[in-house]
Amino acid sequence: MAGRLPDLSSAEEAEILAGVRSGGAARRQASDRLFRELREPLHALCMHITGRRADAEDAVQEIFVAVHRGLPEFRGASRLTTWIYRIALRAAFRARARRRDGEPLDPETPGGGGESDMVARDEARRVASAMARLPAGPRAVLSLFAVEGLSHREIADILGVPEGTVWSRLHAARRMLVGSPST
């Protein structure tokens, strides 16, 4: 399920919340389920925002600590996954802000040899470099849309903005990428 917002039904979200609120073994089982369902997609999102594997891993750890602490108080004003993705974006932005300038990025690149692999690695580096130059807001919208595959509505819910704002931010991010010298 990596690369997509997990599709937990309302019943599944209610079951997880009930487990968390009941405590004990049920809380551990609910927390473990959330970790299994969300770890990969959250890591992918954080990787695209931070540009470094170590920063993404730090952000994911921060996310799960915040979720563990905040779940008992979760009011249900939004979907559980939407609430968690909001936490994820804030954690990824903080991790990116902590990084010193000049530290290298870790683009996810295919391994192996051969000319096609070298072309793929070069393309991945160029995309990662262009994405790294985007400001945090446009980068987040572009990552959620193009990398995570979320709909404009899902992104609007996660960011807490109108859907039209998502469209305009996505358009601005694309314009910035087109004008980027390495793309």
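This structure is a prediction, so every number in the text was calculated from the model and none was measured.
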Closest heavy-atom pair and its distance - [X], [Y]:
{"X": "Ile87", "Y": "Ala66", "value": "CG2-CB, 3.9 Å"}
{"X": "Arg96", "Y": "Pro135", "value": "NH1-C, 4.3 Å"}
{"X": "Leu134", "Y": "Ala173", "value": "CD2-O, 4.1 Å"}
{"X": "Ala56", "Y": "His43", "value": "CB-NE2, 4.0 Å"}

Roughly how far, to the nearest 0.5 Å, is the [atom2] atom of [Y] from the [atom1] atom of [X]?
{"X": "Leu142", "Y": "Ile155", "atom1": "CG", "atom2": "CD1", "answer": "9.0 Å"}
{"X": "Asp32", "Y": "Arg27", "atom1": "CG", "atom2": "CZ", "answer": "11.5 Å"}
{"X": "Glu57", "Y": "Met47", "atom1": "CD", "atom2": "CE", "answer": "9.0 Å"}
{"X": "His171", "Y": "Met176", "atom1": "NE2", "atom2": "CE", "answer": "10.5 Å"}
{"X": "Phe74", "Y": "Glu13", "atom1": "CZ", "atom2": "CD", "answer": "6.5 Å"}
{"X": "Leu42", "Y": "Leu34", "atom1": "CG", "atom2": "CG", "answer": "9.5 Å"}

Does the plane of the ring in Phe145 sit parallel, tilted or perpendicular to the ring in His152? Use 30° and 60° as the thresholds. tilted
Which one of Arg69, Arg94, Arg90 satisfies the salt bridge (charged side-chain N to carboxylate O under 4.0 Å, His left out) criterion with Glu62? Arg94
Side chain to side chain, [X] and [Y], heavy atoms closer than 4.5 Å:
{"X": "Pro138", "Y": "Arg174", "result": "no"}
{"X": "Arg79", "Y": "Asp157", "result": "no"}
{"X": "Trp83", "Y": "Val67", "result": "yes"}
{"X": "Ile63", "Y": "Cys46", "result": "yes"}
{"X": "Leu80", "Y": "Leu71", "result": "yes"}
{"X": "Thr81", "Y": "Ile158", "result": "no"}

Any pair counted as ring pair (Phe, Tyr, Trp, His ring centres under 6.0 Å), so long as it reaches residues 49-70, sequence neighbours left out: Phe35-Phe64
ILVMFWY cluster, Val65 and Leu89 together (side-chain gap under 4.5 Å): no
So if you build clusters from Ile, Leu, Val, Met, Phe, Trp, Tyr with side-chain heavy-atom gaps below 4.5 Å, do Trp167 and Leu159 land together? no
Sub-3.5 Å donor-acceptor pair from the side chain of [X] to the main-chain atoms of [Y], do we have one?
{"X": "Glu12", "Y": "Ser9", "answer": "yes"}
{"X": "Ser143", "Y": "Arg139", "answer": "yes"}
{"X": "Glu154", "Y": "Ser151", "answer": "yes"}

CZ of Arg28: more than 12 outside heavy atoms within 6.0 angstrom? no
Give me each pair satisfying salt bridge (charged side-chain N to carboxylate O under 4.0 Å, His left out) with a member in residues 159-173, each pair once, sequence neighbours excluded. Arg153-Glu163
